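From a predicted model like this one, the values you see are computed outputs, not experimental measurements.
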There are 2 protein chains.
Amino acid sequence: MTGKVIAAELKRRGFKLTPQRRAIIEVISHSQEHLTPADIYAKLKSKHSGIGLVTVYRALDVLERSGMLCEVHIGDGCRSYLKRPGGHHHHLVCKGCGKVVDFSDCELDDLEQRVTKETGFRIDRHLLEFLGRCPQCQAGRREKS
Amino acid sequence: MTGKVIAAELKRRGFKLTPQRRAIIEVISHSQEHLTPADIYAKLKSKHSGIGLVTVYRALDVLERSGMLCEVHIGDGCRSYLKRPGGHHHHLVCKGCGKVVDFSDCELDDLEQRVTKETGFRIDRHLLEFLGRCPQCQAGRREKS
DNA sequence: TAATAGATGAAAATCATTTTCAATTAGGCT
DNA sequence: AGCCTAATTGAAAATGATTTTCATCTATTA
Ligand SMILES: [Mn+2]
Ligand SMILES: [Mn+2]
Ligand SMILES: [Zn+2]
Ligand SMILES: [Zn+2]
């Protein structure tokens, strides 16, 4: 969450906290929306230095593996969208405007146990996303930003 | 499911039932695994005529939109994998060998209602996938086919 | 059988993501 | 403060998946 925590976590994993990574974290943590690598690249190019799109990809990879980002799967053609941190939670995505709301308490334990019993699989994690329309999009028409 | 049903459904939507589409349906409905467009293309090229990869993509699009296929989202880099039909259900994916098992009765209604109440969203559908290891992969080591 | 909307396939175009590689730098250590 | 080195960066090229184009073909209906 805070810069301190992020810096510590990166260091713990042997990663360095570069200006580029700072900038990327900055952009993501200040955005309410989920951003594609290209989105982030665009936002950075306007203000920040001549950062490379490659670096964005690499930073996102590092940050994602360090548990500081989450991905949004549903949507157009299944690109990996990104969003800011948090504990275990899931996404509620608006089909109209693309807004993403987090929710937690997924309460899937019972279901996981049942499926485990039925299939013999050991379940490590789950992907759960709801797709619908936000209040604004239900009312007036709002286009995807 | 049956050829009749598929033909009828395609017709109902103004699509034609071509030999190529027959062949693709055939391949998918006889496979236990989820297949990429490239997989399907490969299987078809060996036996069937000189079908084009483009046609596979187009057929998959048509069949998916007609509700005859499902996609697998989790996995490597979030490509859209495909699998055979069924009613409303979800996927349990093995991280080891890639095997996909369907399960139903997701029982998400309560959760959906709670989230609806909390957020005001109208929820249309959900994406739920479990990721883990199948019995075989838990025992001996099995590589991704 | 003729008419036609829909379908096909090869090639080119797009688009996202990864790899390569030489140059730069953050962070640890004197 | 200065050095060392592994990590990082960025440009360009490579890769790979998916889509578009367009001329040709065909399944289906009348
Ligand atoms: Mn989130
Ligand atoms: Mn399925
Ligand atoms: Zn909305
Ligand atoms: Zn397995």
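- We find that NZ of A/Lys16 is positioned 8 Å from P of C/dA26, with the value rounded to whole Å.
- For the pair A/Lys11 NZ and C/dC29 C1', the computed distance is 14 Å after rounding to whole Å.
- The nearest whole Å value for the distance from the OH atom in A/Tyr41 to the P atom in C/dT17 is 14 Å.
- Nearer to the 5' terminus of DNA chain D, by closest-nucleotide assignment, is the contact made by A/Ile51 (compared with the other of B/Ala38 and A/Ile51).
- Atom-to-atom distance recorded for A/Gln20:CD and A/Glu26:CD is 14.0 Å, nearest 0.5 angstrom.
- Between A/Thr18 and D/dT9, a side-chain N or O to OP1/OP2 separation shorter than 4.0 Å is present.
- Between B/Val56 and B/Gly14, the residue anchored nearer the 5' end of DNA chain C, judged by the nucleotide with its closest heavy atom, is B/Gly14.
- Looking at the side chain of B/Tyr57, the nearest of the listed nucleotides D/dT8, D/dA27, D/dT18 is D/dT18.
- Side-chain atoms of A/Glu129 and B/His126 form no donor-acceptor pair, as typed in the model, at a separation below 3.5 Å.
- The side chain of A/Gln20 contributes an N or O atom lying less than 4.0 Å from OP1 or OP2 of D/dG10.
- Atom CD1 in B/Ile40 sits about 14 Å away from atom C1' in D/dT18, given to the nearest Å.
- In this structure, the CZ atom of A/Phe15 is 17 Å from the C1' atom of C/dT25, given to the nearest Å.
- Side-chain proximity of B/Thr55 to D/dT18, C/dT8, C/dA10: nearest is C/dT8.
- Closest of all the heavy-atom pairs between A/Glu112 and B/Phe130 is CG-CZ, 3.5 Å.
- Between the C1' atom of D/dT8 and the CG atom of A/Leu60 lies a distance of 15 Å, rounded to the nearest Å.
- Protein atom CG of B/Leu17 is 9 Å distant from nucleotide atom C1' of D/dA27, rounded to whole Å.
- A sub-4.0 Å separation between OP1 or OP2 of C/dG6 and a side-chain N or O of B/Arg13 is absent.
- Contact annotation: A/Arg58 does not reach the phosphate of D/dT9 (side-chain N/O to OP1 or OP2, under 4.0 Å).
- Atom-to-atom distance recorded for B/Lys11:NZ and B/Ser66:OG is 14.0 Å, nearest 0.5 angstrom.
- Rounded to whole Å, atom C1' of D/dT15 lies 15 Å from atom CG of A/Leu53.
- Taking the centre of each ring, A/Tyr57 and A/Tyr41 stay at or above the 6.0 Å mark.
- If you check C/dT17, C/dA26, D/dA17 against the side chain of A/Pro19, the one that comes closest is C/dA26.
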